[in-house]
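Below is one structure, written out as structure tokens, with a few remarks after it.
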Number of protein chains: 2
Amino acid sequence: MKLSQGVEWALHCCSVLALVPPGHTLTAARLAEFHEVPPAYLAKQLQALARADVIAADPGPKGGYRLARPADRISVLDIVLAVEGDEHAFHCEEVRQRGPAACAPPAYRRPCGIALAMGRAERAWRDELRGTSVAHLVMDLALHIHPEAAQKGAAWMEGALR
Amino acid sequence: MKLSQGVEWALHCCSVLALVPPGHTLTAARLAEFHEVPPAYLAKQLQALARADVIAADPGPKGGYRLARPADRISVLDIVLAVEGDEHAFHCEEVRQRGPAACAPPAYRRPCGIALAMGRAERAWRDELRGTSVAHLVMDLALHIHPEAAQKGAAWMEGALR
DNA sequence: GGAATCTCGGATAGATAATATCCGTATTGT
DNA sequence: ACAATACGGATATTATCTATCCGAGATTCC
């Protein structure tokens, strides 16, 4: 059980995009530069976020990425599912229906207790992520960022905006 | 984010082992037969469970596997971590410390908000799994199993016990 | 004591997914 | 028309998962 690298990048990118003034955008190349990650690969994650309507893309020159809606309406779960896919971590393969104790399918109308337990855990995980928004992330960032990092970030943003 | 196949097998195996009378065991081959899974690969999962002290192995002829402690003291989390490893799904690579806004390491003593949010979700997931024991799984099984499956299972167990 | 049986651990391949890159297409602003 | 950008597909590389096999160690039966 491991989350892909792209999830972290996507979360950071959305946090940065939340700080972009309305009417402006950031290109994929700039976002990659800011996080020092491979531009071509980050572009893939950004495309996934765009397909999921988490961020919006303006094509053409002067184009770039921006959040698709206000930061307080984008949950961390939205971002994780956009990049990682919305499949559950645990997939029941119904092994109980195999082997010497197997019966006809109608005997297995209820999901097995194991699948239910794993489903509850997945739900708890998703609920927690759904309850945290990009706005929360930015708030936490603003409260705890080192002044020097904030100044450097602001200076970079100035030259990167479009 | 995907859990390995072995997790489902391990959970089912532990449920079956919980039904083994005290003083008896089941061999890896029997457990594989019951679930119709590859014996050699299931053996790997059982070894992982044994290393984590979830189940105990009696070597030699007449040997086999049994639960290492009462079913109500084995959590689903114990089993999942034994098979999957105890690493967190999200691993923060501290991308904030890279790029044009980077500062000296002392500026990053606090974990970033993104890592904290993902950590809370992981904690919620684990808490849910920790709160469910093998005894709960067996209870659910006993309450909802089809009579025919129960009878077949009992008959198989009779010939499989050692 | 010796042989048989079983678990345990490591070594080994193939299959699947993650990581990373490149190129052609579509779109838009200059 | 040209340049810059996002988009999608194709591809290569690497890691992880899945699956199997074999030898070592341990225990019981003869």
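The chains referred to below are lettered A, B, ... by the order of the sequence lines, with proteins before strands, and numbering in each begins at 1. Quantities reported herein were computed from a predicted structural model and do not represent experimental measurements.
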Determine whether more than 12 heavy atoms belonging to other residues, nucleotides or ligands lie under 6.0 Å from atom NE2 of H91(A). no
Side chains of W125(A) and E128(B): do they bring a donor and an acceptor to under 3.5 Å? no
Can you tell which of dC21(D), dA6(D), dT19(C) lies closest to the side chain of P59(A)? dA6(D)
Taking dT16(D), dT18(D), dA20(C) as options, the one with an atom nearest any side-chain atom of S4(B) is dT18(D)
Between H136(B) and S133(B), a side-chain donor and acceptor under 3.5 Å: yes
Closest to the R51(B) side chain: dG9(C), dC17(D), dA4(D)? dG9(C)
When you measure from the side chain of T27(B), which nucleotide among dC17(D), dT28(C), dT7(C) comes out closest? dT7(C)
Hey, is the side chain of Y41(B) poking within less than 4.0 Å of OP1 or OP2 on dT18(D), counting only N and O atoms? yes
Inspect the surroundings of CD in E94(B) and state if more than 12 heavy atoms from other residues, nucleotides or ligands are less than 6.0 Å away. yes
Between R162(A) and dG29(C), is there a side-chain N or O to OP1/OP2 distance below 4.0 Å? no
Find the distance L46(B):CG to dT18(D):P and express it as a whole number of Å. 15 Å
Between Q45(A) and G60(A), whichever has its closest DNA chain C nucleotide further toward 5' is Q45(A)
Rounded distance (Å) that lies between atom P of dA17(C) and atom NZ of K44(A): 18 Å
Can you figure out which of dT21(C), dC6(C), dA3(D) approaches the side chain of A40(A) most closely? dT21(C)
Minimum-distance nucleotide to Q5(B) side chain [options: dT16(D), dA26(D), dT18(D)]: dT18(D)
Does the side chain of Q45(A) reach to within under 4.5 Å of the side chain of C13(A), using non-hydrogen atoms? no
For Q47(A) and dG9(D), give me the distance from atom CD to atom C1', rounded to whole Å. 10 Å
Tell me which nucleotide among dA20(C), dA6(D), dT19(C) gets nearest to the side chain of A57(A). dA6(D)
Hey, which of these two, P61(A) or L42(A), hits DNA chain C nearer its 5' end, going by closest nucleotide? L42(A)
Please state how far atom CG in L26(B) lies from atom P in dC6(C), giving the value in whole angstrom units. 13 Å
Tell me the interatomic distance from D58(B), atom CG, to dT28(D), atom P, rounded to whole angstroms. 9 Å
Using whole Å, report how far CG of L3(B) lies from P of dC17(D). 10 Å
Nearest whole Å is fine: how far is dT7(C) P from L49(B) CG? 14 Å
Looking at every strand, decide which applies to A28(B) at a 4.0 Å heavy-atom threshold: base, sugar-phosphate, or nothing. sugar-phosphate
What is the distance, to the nearest angstrom, from the CZ atom on R30(A) to the C1' atom on dT5(D)? 13 Å
